[in-house]
Amino acid sequence: MKIFISKLGSALFAVILLSSPALAEPTHLTIRAKAHDAKFIGTSMAGADVQITSVPGDQLLAQGVILGGTGDTARLLINPIERHQQLSTANAAAFTTTLDINEPTQVKISVSGPKVAGASAAIQSKTLWLIPGHHLDGDGVVFEFYGLTVATVSPLPNQPALQGKPITLTAFVTMMCGCPIQKDSLWPVNEFTVEAWLWRDSTLVKRLPMAYSGKTGVFTTTFVPTAPGGYQITFSAAQDSRGNFGVSYGGFSVK
């Protein structure tokens, strides 16, 4: 009788164990964003937003901001990287999280940045599988962002100007990581073409080359309006050698 009960108890325990949901296992996940031909996007550019959702279902699993330093210049840009060599150093910008998952889970990771770019921020996403207890840390998942960050310096929004009088147009251009564009740097000025496109009533009236001002990342030109009205400006920057491009907008009114 005792043997019968023991076997019955073991059978019941096995049924209960098999019917119970698997316990969630902490699974580490690291996310980084790197500017193409440059360094990591981090705190100096206000970081980059991260959102992790389940696939399917679109359930939010984690969100946060990539913060930290731009990483090691020599490792990222000067010395050749060998297979299995880690790109990131201890202070390199990252968003780290721990997901509690109890089964192989497909996730979608979306990154938007750099945050200083505002509405012009680039957006990327990847879909991948995570296995409970198998961590994705170290370099983690690295998003490579093509593009340049362009900011309008002048004129100020709706700044008044006079017909026949020159107005100064100024834009600030930098790599997405904030790395400096200047004469003596890894990103020399002569690799970049910066222009101001001027529109009036949806008609392009002038396309002006912009010259390096001598200050890091600052490009400037002047425009003499010949007619009154509202003008829109498109500032464009191109690094053709690396396929990086960026845009910002401005505007002014002429009396």
Side-chain angles (χ1 to χ4, degrees), residues 33 35-36 38 41-51 65-67 70 93 110-124 145-183 185 187 189 191-240 243-255:
H36 178 59
I41 300 169
T43 305
S44 63
M45 297 295 281
D49 288 321
V50 177
Q51 190 174 77
V65 181
I66 294 173
L67 296 173
T70 56
S110 299
V111 178
S112 173
K115 293 183 71 172
V116 295
S120 298
I123 302 172
Q124 288 193 37
F145 277 75
Y146 279 69
L148 302 168
T149 298
V150 183
T152 300
V153 177
S154 67
L156 298 173
N158 202 36
Q159 178 179 324
L162 296 176
Q163 183 176 338
K165 300 291 183 181
I167 182 170
T168 301
L169 312 177
T170 308
F172 176 74
V173 183
T174 186
M175 307 304 289
M176 281 197 169
C177 54
C179 299
I181 296 171
Q182 53 194 26
K183 286 187 176 180
S185 79
W187 304 273
V189 172
E191 285 191 6
F192 298 84
T193 302
V194 183
E195 297 177 292
W197 307 59
L198 291 114
W199 310 78
R200 180 175 174 273
D201 297 330
S202 302
T203 300
L204 180 66
V205 296
K206 204 77 173 179
R207 179 179 174 182
L208 296 170
M210 300 182 72
Y212 179 59
S213 70
K215 297 181 179 179
T216 300
V218 178
F219 294 80
T220 187
T221 189
T222 57
F223 170 66
V224 180
T226 58
Y231 288 75
Q232 303 84 42
I233 314 167
T234 301
F235 291 106
S236 67
Q239 184 193 23
D240 290 314
N244 284 320
F245 311 105
V247 167
S248 70
Y249 300 97
F252 60 95
S253 59
V254 176
K255 296 182 180 179

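Side chains are part of it too, since the values below use all heavy atoms of this structure and drop only hydrogens, waters and symmetry mates.
With rounding to the nearest 0.5 angstrom, the CE atom of M175 is 12.5 Å from the OG1 atom of T70. Taking CZ of R200 as the start and NZ of K206 as the end, the distance is 15.0 Å to the nearest 0.5 Å. Q159 contributes atom CD, which lies 14.5 Å from atom OH of Y231 (distance to the nearest 0.5 angstrom). With rounding to the nearest 0.5 angstrom, the CD1 atom of I41 is 9.5 Å from the SG atom of C179. In this structure, S154 OG and F172 CZ are separated by 14.0 Å, a value rounded to the nearest 0.5 Å. To the nearest 0.5 Å, atom OH of residue Y212 and atom OG1 of residue T220 are 13.0 Å apart.
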request  = Apply side chain to side chain contact (heavy atoms under 4.5 Å, CB included) to the pair T234 and Y249, showing each step before the final yes or no.
outcome  = CA-CA 5 Å; T234 301; Y249 300 97; 3.7 Å; yes
**OP:** Could you please spell out the steps behind the side chain to side chain contact (heavy atoms under 4.5 Å, CB included) verdict for K165 and V224?
**Re:** CA-CA 6 Å; K165 300 291 183 181; V224 180; over 6 Å; no
Starting from the C-alpha separation in whole Å, work towards a yes-or-no answer on side chain to side chain contact (heavy atoms under 4.5 Å, CB included) for F235 and F219.
CA-CA 10 Å; F235 291 106; F219 294 80; over 6 Å; no
Report the C-alpha separation of F252 and I233 in whole Å, then their side-chain angles, then the decisive distance to 0.1 Å, and conclude whether the side chain to side chain contact (heavy atoms under 4.5 Å, CB included) test is met.
CA-CA 8 Å; F252 60 95; I233 314 167; 3.7 Å; yes
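Residues V111 and A48 come closest through the heavy atom pair CG1-CB, 3.9 Å. Listed here is the closest heavy atom pair of S248 and A151: OG-C, 3.8 Å. Considering every non-hydrogen atom in both A238 and L148, the closest pair reads N-CD1, 4.1 Å. Summarising the geometry of Y146 relative to G243, their closest heavy-atom pair is CD2-O, 3.5 Å, with the distance given to 0.1 Å. Closest non-hydrogen pair, A35 versus C177, comes out as CB-N, 3.7 Å. Closest non-hydrogen pair, M176 versus M45, comes out as O-CG, 3.4 Å.
L67 places a side-chain heavy atom less than 4.5 Å from the side chain of T43. Taking the side chain as every heavy atom from C-beta outward, L198 and R207 never approach each other to under 4.5 Å. Counting heavy atoms from C-beta outward, V65 and K115 have side chains that approach closer than 4.5 Å.
Annotation: side chain to side chain donor-acceptor pair (under 3.5 Å) contacts of S213 (sequence neighbours excluded): none. Qualifying side chain to side chain donor-acceptor pair (under 3.5 Å) partners for S236, counting only residues two or more places apart in sequence or in other chains: W197.
A donor-acceptor pair under 3.5 Å is absent between the side-chain atoms of E195 and the main chain of L208, judged by distance alone. In this structure a side-chain-to-backbone donor-acceptor pair under 3.5 Å is missing from T222 to T168. Side-chain atoms of N244 come within 3.5 Å of backbone atoms of H36 as a donor-acceptor pair (strictly under, hydrogens ignored). Checking side-chain atoms of T174 against main-chain N and O of P180 turns up no donor-acceptor pair under 3.5 Å. With hydrogens and angles ignored, the 3.5 Å screen pairs no side-chain donor or acceptor of S44 with any backbone N or O of G178.
Counting only N and O atoms by type, the side chains of T216 and Q182 include a donor and acceptor under 3.5 Å apart.
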